[in-house]
Amino acid sequence: MNQQNIRNLTLFDLLARSWALPSAVETLQFSADSSVAAFACADGTIALASLSDPEPPESRIRVSGDLGQTTIRSREKPPAPLIVTDHLRDGAPLIAASAQSGFLAGASDGRVVRVTATGEIDDTDIRLDGSIVALDHARGQGVTAVSDGADVLLAMASGGIIRSLARHGGEVAALGFSPSGRQLAVCRGNEISIWTLVGEPALVRTIGFPQAPIAVRWSADSEWIACPLASGGFGIARLVDGKAGTVSDFPAMVRAVSWSERADALIASGAFRITAWSMKLPPLEGETGGALVTGRPGLVVVEAVAGHPTRPLAAAGFANGQIVVARIGERDELLVKPSGGAVTTLAWSADGRHLAAGTTDGGASLITFPAQMFK
């Protein structure tokens, strides 16, 4: 490697393990024990990456004795190849973290299958008549929720369908358990219905929006729900009283929303910079006083966002492949990756040490930040 190449190395080159897959990465999940990242690909497969790294950044950091300058050397070996499963369905499989290092996935024939960390696929007792359109799993309660668009079924991890929730509204687009697993949000038509799963499943609240919600994200305290909307913008609702609002003034589709517990904030994609709101002044009834100016404005749309689990930070991925990390409410940002395929999905591991990313050109990456990076 010549000196010019050394100077051109980016933070991504030094910190990331990256792989090229034959189709777009559409979604990703970390396993329950944060040992594996699963990338769901448009060709119907799931690619699995171990978070165990034989050359972690800490082992490659050097501090010079004379000037105290910190440098990091490049990896000496390429990362271990991804494990790729057999074809499961047309389009990216729906995935949910299950026990330990495993996952649940929806297959094209209505089956819900188990996917191990080493790529083996095993059947479960859950099978629907039609293609699966929504899936989630509550690990603490051992309950899986699954839908073919018409019915919502609940199944215990020990096997067997235990409940079919009553139909309420239009077609189901998404399902999401609360962090405790004791509530389930069902996106159906232009509504989100909230079901309690303590005792007999019961409908406790229905929240309407001007457009159809297509995903659901619970806040860590289970007090709020945010959801991207099918025709643009996002909705937000407070569970205690059902009060809801819509934020719609975005130049592009809001494909992702995420919560930051440390910053007590909600962040969203769809603009030319990271957009964020303080939940001390939530964006209800046209309230804009809680807007938090975050990161730098540009000419390229943010396509994916992820709030850090333990710090008041947000990661953002752009349509031009750029990935940045910014402190919520501040303008400075750390450029992690300067370019590449459009970023489709981002997620932090539970300890906040690893940032996983997927792109439209089949890029899958795990970016591992040394502890001293965010002080």
Looking at [Y], is its backbone amide N or carbonyl O close enough to the side chain of [X] to form a donor-acceptor pair, meaning the two atoms are under 3.5 Å apart?
X    : Y    : result
S269 : R255 : yes
T344 : G358 : yes
H308 : G352 : yes
D148 : D151 : yes
Q183 : I194 : no
D264 : M279 : no
R114 : D123 : yes
H137 : A145 : no
R205 : V240 : yes
S258 : G307 : yes

Between [X] and [Y], is there a side-chain N and carboxylate O pair less than 4.0 Å apart?
X    : Y    : result
E55  : R17  : no
D109 : R127 : yes
D53  : R60  : no
K243 : D241 : no
R353 : E58  : yes

Assess the side chains of [X] and [Y]: does a donor N or O sit below 3.5 Å from an acceptor N or O?
X    : Y    : value
T116 : T118 : yes
S50  : S52  : no
H87  : T45  : no

Provide the closest heavy-atom pair for [X] versus [Y] in the form atom of the first, atom of the second, distance.
X    : Y    : answer
G363 : V25  : O-CG2, 3.6 Å
P370 : I61  : CB-CD1, 3.9 Å
A92  : E26  : CB-OE1, 3.5 Å
S260 : P312 : OG-CA, 4.1 Å
S23  : A42  : OG-N, 3.4 Å
W19  : A49  : CH2-CB, 3.9 Å

Is any side-chain heavy atom of [X] closer than 4.5 Å to a side-chain heavy atom of [Y]?
X    : Y    : result
F318 : V324 : yes
L128 : L153 : yes
S35  : F30  : no
L28  : L346 : no
P283 : T288 : no
P201 : L165 : yes
L313 : I328 : no
Q322 : L335 : yes

For [X], look at atom [atom1] and say whether over 12 heavy atoms of other residues, nucleotides or ligands are found less than 6.0 Å away.
X    : atom1 : result
R331 : CZ    : no
D249 : CG    : no
R182 : CZ    : no
R217 : CZ    : no

Rounded distance (nearest 0.5 Å) linking atom [atom1] of [X] with atom [atom2] of [Y]:
X    : Y    : atom1 : atom2 : value
Q141 : F177 : CD    : CZ    : 8.5 Å
M253 : S231 : CE    : OG    : 7.5 Å
L21  : L82  : CG    : CG    : 5.5 Å
L51  : H354 : CG    : NE2   : 4.5 Å
T246 : Q211 : OG1   : CD    : 6.5 Å
I267 : T275 : CD1   : OG1   : 8.0 Å

For the hydrophobic clusters of this structure (ILVMFWY residues joined by side-chain heavy atoms under 4.5 Å, transitively), does one cluster hold both [X] and [Y]?
X    : Y    : answer
L281 : V247 : no
L203 : L175 : yes
W259 : V257 : yes
L355 : V336 : yes
I214 : V172 : no

* For F369, which residues count as a ring-ring contact (aromatic ring centres under 6.0 Å, His included) partner, sequence neighbours excluded? -> W348, F374
* Other ILVMFWY residues reachable from V301 by side-chain steps of under 4.5 Å -> F272
* To do: Starting from I83, walk the hydrophobic network (Ile, Leu, Val, Met, Phe, Trp, Tyr; side-chain heavy atoms closer than 4.5 Å) and list everyone else you reach, by chain and number.
  => V36, I46, L48, L88, I95, F103, V113, V115, I121
* Asked: What do the steps show when you test E223 against L239 for side-chain contact (heavy atoms from CB on, under 4.5 Å), and what is the final call?
  -> CA-CA 5 Å; E223 293 184 4; L239 273 299; 5.8 Å; no
* How far apart are the C-alpha atoms of D90 and S108, what are their side-chain angles, what is the distance that settles it, and do they pass the side-chain contact (heavy atoms from CB on, under 4.5 Å) test? -> CA-CA 7 Å; D90 294 331; S108 57; 5.6 Å; no
* To do: Under the side-chain contact (heavy atoms from CB on, under 4.5 Å) rule, what do V146 and L94 come out as? Steps first, then yes or no, please.
  => CA-CA 10 Å; V146 62; L94 300 173; over 6 Å; no
* Please test W195 against V152 for side-chain contact (heavy atoms from CB on, under 4.5 Å), starting from the C-alpha separation and ending with a verdict. => CA-CA 11 Å; W195 295 76; V152 177; over 6 Å; no
* **Centroid separation F234 to W277 less than 6.0 Å** => yes
